[in-house]
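Residues take their numbers from the sequence shown, with the count starting at 1. Computed over heavy atoms, backbone and side chain alike; hydrogens, waters and symmetry mates excluded. This one's a predicted model, so the numbers in the text were calculated from it and none came from an experiment.
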Amino acid sequence: MEETHLPLAAQQRKADDDDEEEAHFRQVCRSYQQYATFHQTIWQGVNQRVQRLLTTSRCGENEASASDDTNDDRLAPPTVASILPQQLRSGTIENQKMSKDFCNATIRNQFFLDSVLRYSGVPTSQEVMREVQHTSQRIDWATEDQMSKVDSVLKSLARDWSVEGIKERSVVYDRMLMALDKFLPLDTNGLPPRICVPGSGLGRLAWEIHSKGYTVEGSDFSLPMLLASDFILNGCAIPDNMQARTSTGYRQFNISPWIAETKNVVSLAYRIKAVTVPDVDPSSIRDGDCVSQAQFSMMAGEFLSLYSKFLPENQAKHSCRTHDRTTSNAEKFHAIACSYFLDTAPSLPDYLITIYHMLTEDGLLLHFGPLMYHWSGHGSLLPLDLESNGGHPNNRYQSRNAYLDSRYLSSVDFTWEEAKTMIENTGFEILQEELNIPALYASNPNSMMKVSYDCVFLVARKKSKSS
């Protein structure tokens with residue numbers, strides 16, 4: 001949001017000394033560049049399946065043939081060809097229109113993704129295609145898993161930055177903002193409180209808190225999310241000499257966020273439905289007593305890698321190098337706002353201890369979310385893993401799970417009661433707790449299936465040393 005802002009991609013490449021990190025960056029950019037081609041190819045494959053149905057299915061054909069031979073006036077028995085809707089029959093006007101509408105939806109999404117790439121100084125889909133045609137080089141295609149992350153970005157855009165997402169996000173964000181206003185009100189005579197928003201995704205919660213007048217530092221580990229949030233927050237401004245051409249004063253885009261959904265779809269029209277993002281000018285700042293002093297920043301990286309510097313053992317190392325113990329204390333936060341974040345921890349105790357040391361005395365922990373536990377579901381210990389090894393995991397366990405990220409093997413699914421006890425034992429006092437709050441997450445409002453979580457909202461205060 002500052003004039004000297006350097007696009008995230010430039011920061012990433014400047015900071016990358018590791019070949020693996022550089023490869024990951026290129027892979028994410030490829031998934032952005034190949035988006036439209038990827039989904040249009042999937043669409044082509046579905047059409048081919050429909051045509052195979054027509055050519056290979058024999059259901060009802062004998063009956064239909066017999067009916068034709070008798071040439072009577074009875075209703076013809078159904079066949080695959082006769083019952084398929086017109087829009088699924090290749091060559092029909094309806095099929096051509098449906099395919100064109102779907103193709104246009106992929107192009108809408110590709111235009112937005114290309115805008116992100118261009119802002120980040122990375123070749124767009126068209127530039128890459130021209131280069132491939134010119135050099136005849138082999139294309140390294142993105143995988144389904146990699147492309148699903150781009151689809152998640154588009155859904156999160158609808159949740160965070162469209163009018164359609166207001167109802168869903170307000171369940172979370174309104175509670176966060178009201179809690180900050182109640183427990184950490186702005187002081188017009190002092191510097192704005194510092195708020196950390198880890199796992200900030202596309203940055204709307206961080207932006208909303210900053211717009212109230214707080215200094216905010218957001219962070220996220222997902223590079224696909226970071227590229228898009230960087231563009232939304234910093235790349236949608238329009239130069240003054242071009243603002244007369246727009247009605248909003250900032251750039252907006254139509255995207256079709258639910259294009260990849262094929263199940264529980266009422267109509268193709270809902271699947272390719274367009275929403276407009278962003279719904280507000282991200283570069284605007286609302287009126288506030290100390291908003292002029294408030295700062296906003298976004299960090300790229302894994303939570304513990306970014307913030308373990310606040311742990312006592314690391315602060316001791318820092319003070320030995322700098323001979324100044326006040327530097328790290330000045331960086332501490334007055335509140336940490338966790339929205340759908342704590343259950344992403346491979347080790348919840350490590351997250352809680354780090355959060356505790358990130359906070360000033362009397363600092364606040366705000367938490368909203370379910371307990372999905374992102375590192376759960378793999379690496380369970382099975383009876384065969386204990387055979388002939390005195391009740392301890394044997395080599396079979398190690399070999400069976402060798403392909404897994406080690407975080408799957410260390411994660412524990414704590415109950416909420418256990419998690420809350422750990423929060424209190426870490427050194428927090430519970431100020432507010434609300435259970436069973438129904439909430440959706442990046443859901444399609446027109447889908448036949450919506451997953452609703454019964455979430456927890458918690459406000460806890462770090463106990464002062466004198467208490």
Intermediate values then yes/no, side-chain contact (heavy atoms from CB on, under 4.5 Å), Ile195 and Thr215: CA-CA 6 Å; Ile195 315 297; Thr215 288; over 6 Å; no

Output field: ring centroids Phe303/Tyr351 closer than 6.0 Å: yes

Near-ring test Phe112/Phe231, centroid separation under 6.0 angstrom: yes

Nearest-0.5 Å distance, CZ of residue Phe38 to CE of residue Met147: 5.0 Å

Beyond-backbone contact of Met299 with Glu217, side-chain heavy atoms, under 4.5 angstrom: yes

Inter-residue atom distance Leu359.CG - Thr426.OG1, 0.5 Å rounding: 11.0 Å

Asn264 side chain vs Met449 backbone, donor-acceptor pair below 3.5 Å: no

Minimum side-chain heavy-atom gap Val163-Thr276 below 4.5 Å: no

Distance, nearest 0.5 Å, that separates CG of Asn401 from CG of Leu404: 5.0 Å

Taking every non-hydrogen atom, the tightest pair across Pro123 and Gln33: O-NE2, 2.9 Å

Shortest non-hydrogen separation from Ser156 to Met225 and the atoms involved: OG-CE, 3.2 Å

Any side-chain donor near an acceptor of the partner, Asp220 and Ser200, under 3.5 Å: no

Any side-chain donor near an acceptor of the partner, Thr106 and Gln40, under 3.5 Å: yes

Gln252 side chain to Pro278 backbone, donor-acceptor under 3.5 Å: yes

Worked check of side-chain contact (heavy atoms from CB on, under 4.5 Å) between Trp161 and Leu202: CA-CA 8 Å; Trp161 293 101; Leu202 290 176; 3.9 Å; yes

Check: Val277 and Asp160 side chains under 4.5 Å, non-hydrogen atoms: no

Carboxylate-amine/guanidinium contact Arg175 Glu434, below 4.0 Å: yes

Rounded distance [0.5 Å steps], CE in Met358 versus CD1 in Ile336: 3.5 Å

Side chain proximity check, Leu431 to Phe183, heavy atoms < 4.5 angstrom: yes

Distance, nearest 0.5 Å, that separates CG of Asp343 from OG of Ser376: 10.5 Å

Residues Ser347, Asp350; criterion side-chain hydrogen bond (donor to acceptor under 3.5 Å, both in side chains); working and verdict: CA-CA 5 Å; Ser347 171; Asp350 286 340; 3.1 Å; yes

Residues that Asp151 engages under side-chain hydrogen bond (donor to acceptor under 3.5 Å, both in side chains), provided they are two or more places apart: Tyr35, His39

Salt bridge present between Lys309 and Glu331 (N-O < 4.0 angstrom): yes

Side chain His334, main chain Arg194, donor-acceptor under 3.5 Å: yes

Worked check of salt bridge (charged side-chain N to carboxylate O under 4.0 Å, His left out) between Glu261 and Lys155: CA-CA 11 Å; Glu261 295 187 1; Lys155 292 177 185 178; 3.5 Å; yes

Row check, Tyr356 ring normal vs Lys462 NZ/CZ: under 6.0 Å, within 45°: yes

Asp181 side chain to Leu177 backbone, donor-acceptor under 3.5 Å: no

NZ/NE/NH1/NH2 to OD/OE distance under 4.0 Å, Lys149 and Asp145: yes

NZ/NE/NH1/NH2 to OD/OE distance under 4.0 Å, Glu21 and Arg26: no

side-chain hydrogen bond (donor to acceptor under 3.5 Å, both in side chains) contacts in which one or both residues fall within residues 450-461, not counting sequence neighbours: none

Salt-bridge contact Asp140-Arg30 (side-chain N to carboxylate O under 4.0 Å): yes

Which atom of His210 lies closest to which atom of Ala294, heavy atoms considered: CE1-O, 3.6 Å

Sub-4.5 Å side-chain heavy-atom contact between Arg271 and Thr262: yes

Other residues, nucleotides, ligands: >12 heavy atoms within 6.0 Å of Tyr270 OH: no

Candidate pair Val280 and Trp207, rule side-chain contact (heavy atoms from CB on, under 4.5 Å), full reasoning: CA-CA 11 Å; Val280 295; Trp207 182 87; 3.8 Å; yes

Glu302 side chain vs Leu304 backbone, donor-acceptor pair below 3.5 Å: yes

Side chain to side chain, Ile42 and Phe102, heavy atoms closer than 4.5 Å: no

Under 3.5 Å: donor-acceptor pair, side chain of Gln34, backbone of Thr37: no

Backbone of Ala36 reached by a side-chain donor or acceptor of Gln110 within 3.5 Å: yes

Arg159 side chain to Ser443 backbone, donor-acceptor under 3.5 Å: no

Heavy-atom check, side chain of Phe253 versus side chain of Val275, under 4.5 Å: no

Distance in Å, Ser125 OG paired with Leu117 CG, rounded so as to fall on 0.5 Å steps: 8.0 Å

Closest contact, heavy atoms only, Tyr307 versus Cys196: OH-SG, 3.6 Å

Test log, rule side-chain contact (heavy atoms from CB on, under 4.5 Å), inputs Ser339 and Tyr173: CA-CA 8 Å; Ser339 170; Tyr173 299 173; 4.2 Å; yes

Smallest separation among heavy atoms of Leu306 and Ala300, with atom names: CD2-O, 3.8 Å

Within residues 361-375 or reaching into it, pairs that qualify as side-chain hydrogen bond (donor to acceptor under 3.5 Å, both in side chains) - sequence neighbours excluded: none

Side-chain donor/acceptor of Ser447 to backbone N/O of Asn444, under 3.5 Å: no

Arg204/Asp279 ion pair, N-O < 4.0 Å: yes

Heavy-atom check, side chain of Leu348 versus side chain of Met422, under 4.5 Å: yes

is_close_aromatic(His378, Tyr408), centroid dist under 6.0 Å: yes

Distance-only donor-acceptor check, side chains Arg118 and Thr124, under 3.5 Å: no

Test item: Ser256 side-chain N/O and Ile259 main-chain N/O as donor-acceptor pair under 3.5 Å: no

Any donor-acceptor N or O pair under 3.5 Å, side chains Glu433, Trp416: yes

Which atom of Tyr340 lies closest to which atom of Cys455, heavy atoms considered: OH-SG, 3.9 Å

